[in-house]
Amino acid sequence: MSAEILPYLIIIPLFGAFSMPMVNLAGRKAREAWAVLISGATLAVGSWVFYWVYEKGTVLYTLGAKSPFGQANFPIRIVWEVDLFGALMVLMVTFVAFMAVIYSLGYMRHDTGLDKYYTLIIILELGMLGIAITGDLFNFYVFLEIMSIASYALVAFRNDTWEAIEAGIKYMFVGSVASSLILLGIALLYGEYGTLTMGYLALKLSQNPTIVGKVALALFISGLLFKSGASPVHMWLADAHPAAPSSISAMLSGLVIKIGGIYALARIAFSIYGASVSVKTVGWLIILFACITLIVGNAMAVIQTDMKRLLAYSSVGQIGYILLGIGIGLAAYGSQTGEIALAGAIYHTFNHALMKGLLFLIAGAVIHQLGTRDLNELSGLAKTMPKTTFAFLIGAAAIIGMPPLNGFASKWLIYESSALFNPVLGAIAIIGTAFCTAAYVRVLYTFFGRPSERVMEAKDPEKSMLWPMLILTIAIIVMGLFPWGISDKVMIPAAKALENQLAYVATLMGGG
Amino acid sequence: MIQFQFITAFLLIVLGIYAFLAKNNLLKLILALDIIDSGIHLLLISLGYRIELNEIPTAPIYTGYETLKSPMVGPLPQALVLTSIVIGVCVLALAMALTVNAYRHYGTLDVRALRRLRG
């Protein structure tokens, strides 16, 4: 029973996505109900998977026979392996995607071609779920491409505007080159070790680490840093995320750059390479990129006048924090500090998905009401859209890291571990937060300022848009009430599961 | 023995990356992406072709395996390359569609014109 539920994470969205054009023939109501039903069912399965992994430990699922030759006692077919880190990502993806789908009902009502929109949004979710659960490198590549192609198409969804097309083209070219680098890395690893299963590859790599393996790691890191929008190559992100419809921006910023970038990077660095390369060197390399990303992203956010662009740059900055956590986790591998840093990174990944999802949904509500996202024209929004402004206040406070909200705990873990590891890194992290605070205070200042004529006719959005925002706000507040409980019960075990390469391999070989 | 297939594959990849960085026409960029992909596919498929004991390997067909004298090529890379080609076609189709749209909005295929988003 345990692992048999796992394929439904893929089957349900796949079936839902490709039956969408047929359901669409029955009209708008059927289409919307179908989209909500499918993403809701996926959320239910995702929560169940998380619960199961949390209670029972790592789950292994083999596609095809367990031992095809009748003698090997380990699966050499495609395997899916979900540890607590992966399960947490599954929960995050299904939850935020469900909110985005509900939000789309109201937000996208005036667009055309909505059957394709819902098909793509569910395929996007499917690709991310696949990445989170897979234990096979080529399978990972296929899901990565499913996710990427769906997101290229969704960024360029409003193809009657030049902005969407330009952003889509930039995103597509950068993303395709990054995918090619990753595929090249996979080809090199396969040629050298003759296997694609992550756990078995880890075993072979630790027995015989070669230079080809290191070249492959370099290709993976560069490709995945591209995909996660780390700083020297973050330009596509600042164009692509604002240009997409807001519900998609929430998924891109909240989920795609994390699953397709951070999660995959952590999985490859820890679960495959953990025992066979100098983790200190790789860790410091990632820390270097993290520090640049942290400063550049947050500093660029301060000077933006476009609300969604500000949020996109802020995403770059927050990715910097998560990368910093991952980097310290690698550089201080095996020590208490590394564990705290890793737990902080995982915690912040989850929190940032909720916060940035919420903030982009709010930006969408503002655009829906006023037709502009220029901050200079949004003065005094607090009077006419009080609920939206309240949600923004919570989201902004959480992303800055104010104590009673969820962002505080995760940022605290990252500060603490970076200060313990190297005080300079701690200082850089704090400087990044100072910039971040400046950016959000500016937006809040605008919202609470003197009302301009333009905002007088605005009102809070309709129910289908308001509810996802409220649910995300409540999630942020509730998670903020038990910061250390969540950290001790979920995040530290998840970090331990990620760090423990032996257990990952043992589960694959049938020992666990 | 020199393994020409690997050298060709890496030459193709390098050529593709050069074209990607040096060219400005959107169509040429799409071609560059395809050349990089082709290089990787060539590398991947030639990994399955291993000459053992100086015998040319045959196609991976399992019926009549016992009577076969020579080794077989690896079937897995072929499956991988097939999958990868399908993905590549999908990306290419999307790129073409976006390029048509870009021509509609900008009236040119020069990427240097696609610079309106800034900041």
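- At least one side-chain heavy atom of B:Leu76 sits under 4.5 Å from a side-chain heavy atom of A:Tyr190.
- Put simply, of A:Ala243, A:Ser179, A:Ala187, A:Gly175, the one with the most heavy-atom pairs under 4.5 Å next to chain B is A:Ala187.
- Environment of CZ in B:Phe6: crowded, with over 12 heavy atoms of neighbouring residues, nucleotides or ligands closer than 6.0 Å.
- Counting heavy-atom pairs closer than 4.5 Å to chain A, the top-ranked of the candidates B:Leu43, B:Leu44, B:Ile13, B:Leu33 is B:Leu33.
- The two atoms that bring B:Leu98 and A:Met172 nearest to each other are CD1-SD, 4.2 Å, heavy atoms only.
- The shortest non-hydrogen separation linking A:Leu188 to B:Phe10 is CD2-CZ, 4.2 Å.
- B:His105 places no side-chain N or O within 3.5 Å of a backbone atom of A:Glu166 that could act as its donor or acceptor partner.
- Neither the backbone nor the side chain of A:Asp306 comes within contact range of chain B; no heavy atom of the residue lies under 4.5 Å from a heavy atom of that chain.
- Summarising the geometry of B:Asn101 relative to A:Asn159, their closest heavy-atom pair is ND2-ND2, 3.8 Å, with the distance given to 0.1 Å.
- Within the model, atoms OH of B:Tyr106 and CD1 of A:Ile169 stand 8.0 Å from one another, a figure rounded to the nearest 0.5 Å.
- The environment of CZ in A:Phe435 is sparse: at most 12 heavy-atom neighbours from other residues, nucleotides or ligands sit within 6.0 Å.
- B:Ile40 and A:Ser180 get closest at one heavy-atom pair: CD1-O, 3.2 Å.
- Taking OH of A:Tyr141 as the reference point, atom OG of B:Ser84 lies at 4.5 Å (rounded to 0.5 Å).
- Note that CD1 of B:Ile87 and CD1 of A:Ile146 are 7.0 Å apart. Values are rounded to the nearest 0.5 Å.
- Atom CD1 in B:Ile17 sits 6.5 Å away from atom CG in A:Leu181 (nearest 0.5 Å).
- Contact of A:Thr305 with chain B is not made at all, since no heavy-atom distance falls under 4.5 Å.
- In terms of heavy-atom pairs under 4.5 angstrom with chain A, the leader among B:Ile36, B:Val111, B:Val91 is B:Val91.
- Looking at every heavy atom in both residues, B:Leu94 comes nearest to A:Ile149 through CD2-O, 3.9 Å.
- Both the backbone and the side chain of A:Phe173 come within less than 4.5 Å of a heavy atom of chain B.
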